[in-house]
2 protein chains.
Amino acid sequence: MESDIVGRRERKRLATHHALRAAALRLGAERGIRDVTVEEIATAADVSVRTFYDHFPSKEDAIIGFDAWRVDQLRDALRDRPATEPPLEALRVVMRRLFDESSGEWPLRMRAINSDPALLGRMFVSFIGYERALVEVIAERTGLDPNDNPYPALVTAVATAAFRASMTTARASGGSMDAAATFDGAVALLAAALTPPEGPSPC
Amino acid sequence: MESDIVGRRERKRLATHHALRAAALRLGAERGIRDVTVEEIATAADVSVRTFYDHFPSKEDAIIGFDAWRVDQLRDALRDRPATEPPLEALRVVMRRLFDESSGEWPLRMRAINSDPALLGRMFVSFIGYERALVEVIAERTGLDPNDNPYPALVTAVATAAFRASMTTARASGGSMDAAATFDGAVALLAAALTPPEGPSPC
DNA sequence: TGCACTAATTGCACGTTGTGCAGTGAGTGG
DNA sequence: CCACTCACTGCACAACGTGCAATTAGTGCA
């Protein structure tokens with residue numbers, strides 16, 4: 001899965017990284033992010049506070065945790081989708097993976113977000129970086145200049161809107177709804193109505 | 001415009017409120033929000049640091065500044081739109097006002113956001129509250145249960161996606177594009193493709 | 001094996017953020 | 001004129017986030 005672990009050093013670093021995230025996730029879900037200090041997270045992961053900040057810029061990022069390398073990962077995944085696939089569907093497939101990849105973390109993440117809705121915002125913030133990368137690839141696929149034509153930015157924005165809406169409604173339902181399934185449904189609803197750039201008029 | 005100013009006390013409070021926002025906006029646009037401390041903002045507005053925190057929870061909020069009362073304002077505005085108007089168009093009209101109302105502040109706000117993209121995120125965060133209220137009204141208009149049917153949340157998410165996309169592209173163009181006009185165009189593009197809830201199939 | 005080299009971790013210091021609390025003074029209403 | 005309310009203020013304090021230098025473990029080469 002991971003690009004082969006190169007050495008013991010890198011392996012240990014990943015271990016502390018994971019331990020910090022797990023601790024932040026667990027504590028954040030248990031007591032709410034506001035009542036958890038960075039010191040507690042670091043202690044739970046058995047490292048110093050200073051080390052925490054070498055891995056995450058803030059405790060919120062440790063919980064939301066969309067690292068920079070995921071951007072590349074997502075971009076490559078979108079590039080690998082067949083060229084014949086409609087942009088929105090391609091976006092759905094690769095974004096859908098965000099739910100599946102760290103599926104074990106999502107329940108805790110949702111509980112943490114429930115404790116402080118501002119975390120949901122932080123998450124949407126991290127989407128900005130994703131959107132930028134995705135818009136770039138969509139522009140390649142469609143051959144449109146993203147600075148000239150709003151279509152790439154719009155399709156991507158619509159896809160993330162579906163992602164956000166599914167997150168929000170899943171949260172509103174108190175966890176009774178599956179965010180991933182809701183996301184698929186939302187995209188399907190949009191796909192039925194949205195059309196590719198060539199024909200601006202739907203019918 | 002404002003619900004009549006009741007007394008001198010309230011008037012003075014609004015004055016300091018405005019002075020703080022103006023100072024934050026000006027300094028943030030000039031030097032970037034990261035290089036401006038709350039103390040500087042407070043000093044520029046000739047009040048104490050503690051007073052600043054009586055008006056805004058953080059310097060970012062002073063710049064982005066979507067107060068709670070605006071939520072009610074926006075909700076009422078949406079309720080006042082004719083029932084025959086398509087949901088997306090109604091959303092466009094009321095959201096469009098966000099650009100016009102404090103039009104004088106937008107140039108400064110854009111420059112501040114340019115200095116630190118995280119501010120754009122903070123702005124999107126504040127949209128969550130707006131979306132919640134708007135979804136509620138859309139649910140009323142369409143007679144759909146927002147917890148049961150994803151349509152209200154989706155239309156609203158799509159509308160704010162257009163808002164966000166227009167903000168982002170306007171920022172990317174370095175201010176050469178008009179965010180408000182771009183917003184209108186984006187919504188028009190979407191409106192041509194999206195259809196009301198009754199008929200899920202566009203044709 | 002021995003020896004530089006790199007990088008993760010750590011402690012320390014420091015400025016900044018955000019909040020609770022009590023006091024002051026101006027504005028308000030009877 | 002007299003309570004009463006409330007914006008503003010200073011103070012203290014916990015927590016956040018970062019720069020810097022030292023330590024220690026892992027890495028690569030002779």
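Worth saying up front: this structure is predicted, and the values here are computed from it rather than measured. Residue numbering restarts at 1 for every chain, and letters A, B, ... go by the order of the sequence lines.
The CZ atom of Phe99(A) lies 6.0 Å from the CE atom of Met167(A); values are rounded to the nearest 0.5 Å. Here the NZ-CZ distance, from Lys12(B) to Arg9(B), works out to 11.0 Å after rounding to the nearest 0.5 Å. For the atom pair CG of Leu20(B) and CD1 of Ile41(B), the computed distance is 8.0 Å after rounding to the nearest 0.5 Å. In this structure, CE in Met123(A) is found 11.0 Å from CD1 in Ile63(A), a value given to the nearest 0.5 Å. From Arg26(A), atom CZ reaches atom CG of Leu108(A) across 9.5 Å, with rounding to the nearest 0.5 Å.
Residue Ser48(B) has a polar side-chain atom (N or O) positioned under 4.0 Å from OP1 or OP2 of dT9(D). Remark: Tyr53(A) is in phosphate contact with dG17(D), judged by side-chain N or O atoms under 4.0 Å from OP1 or OP2. Side-chain N/O atoms of Lys12(A) include none lying less than 4.0 angstrom from OP1 or OP2 on dA25(D).
Of the residues in residues 36-47 of chain A, those with a non-hydrogen atom less than 4.0 angstrom from any atom of DNA chain C are Val47(A).
Every residue two or more places apart in sequence or in another chain was checked for a side chain to side chain donor-acceptor pair (under 3.5 Å) with Arg21(B), and none qualifies. Residues satisfying the side chain to side chain donor-acceptor pair (under 3.5 Å) criterion with Arg81(B), sequence neighbours excluded, are Glu85(B). Remark: Asp61(A) pairs with Ser58(A), Arg122(A) by the side chain to side chain donor-acceptor pair (under 3.5 Å) rule, at least two apart or across chains.
In this entry the distance linking CD of Glu10(B) with P of dC8(D) reads 10 Å, nearest Å. Rounded to a whole Å, the CG atom of Leu14(A) is 15 Å from the P atom of dG26(D).
Here salt bridge (Lys or Arg N to Asp or Glu O under 4.0 Å) pairs that include residues 33-45 of chain A, with residues two or more places apart or in two chains, are Arg31(A)-Glu40(A). Within the structure, every pair that satisfies the salt bridge (Lys or Arg N to Asp or Glu O under 4.0 Å) test and touches residues 109-119 of chain A, not counting sequence neighbours, is listed here: Glu105(A)-Arg109(A). Sorted by first and then second residue, the pairs that involve residues 7-28 of chain B and meet ring-ring contact (aromatic ring centres under 6.0 Å, His included), not counting sequence neighbours, are His17(B)-His55(B), His17(B)-Phe56(B).
Between Tyr151(B) and Pro87(B), the closest heavy-atom pair is OH-CG, 4.0 Å.
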**Message:** Run Glu89(A) and Arg92(A) through salt bridge (charged side-chain N to carboxylate O under 4.0 Å, His left out) and show every step you take.
**Reply:** CA-CA 5 Å; Glu89(A) 173 62 10; Arg92(A) 184 192 68 78; 2.9 Å; yes
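Arg141(B) places a side-chain N or O within 3.5 Å of a backbone atom of Pro82(B) that can act as its donor or acceptor partner.
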Give me, pair by pair, the N or O atoms of the protein and of nucleotides 19-21 of chain D that are less than 3.5 Å apart, along with how far apart they are.
residue : atom : partner  : partner atom : Å
dG19(D) : N7   : Arg50(A) : NH2          : 3.1
dG19(D) : O6   : Arg50(A) : NE           : 2.6

Name the pairs: protein N/O against N/O of nucleotides 3-5 of chain D, kept only if under 3.5 Å.
residue : atom : partner : partner atom : Å
dT5(D)  : O2   : Arg9(B) : NH1          : 3.3
dT5(D)  : O2   : Arg9(B) : NH2          : 2.4

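Between the axis at the start and the axis at the end of the helix from dT1(C)-dA30(D) to dG30(C)-dC1(D) there is an angle of 30°, using five pairs per end and rounding to 10 degrees.
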Can you give me every donor-acceptor pair (side chain of residues 128-135 of chain A, partner residue at least two apart or in another chain, under 3.5 Å) with its distance?
residue   : atom : partner   : partner atom : Å
Glu131(A) : OE2  : Thr160(A) : OG1          : 3.1
Glu131(A) : OE2  : Arg164(B) : NH2          : 3.0

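Residue contacts shown for His17(A) are absent, as no nucleic acid heavy atom lies under 4.0 Å away.
Using a 30° and 60° split on the angle between ring planes, Phe163(A) and Phe183(A) fall in the perpendicular class, above 60°.
Comparing Arg13(A) and Arg34(A) against DNA chain C, the residue whose closest nucleotide sits nearer the 5' end is Arg13(A).
Using a 4.0 Å cutoff to heavy atoms of chain B, the contacted part of DNA chain C runs 5' to 3' from dT16(C) to dT28(C).
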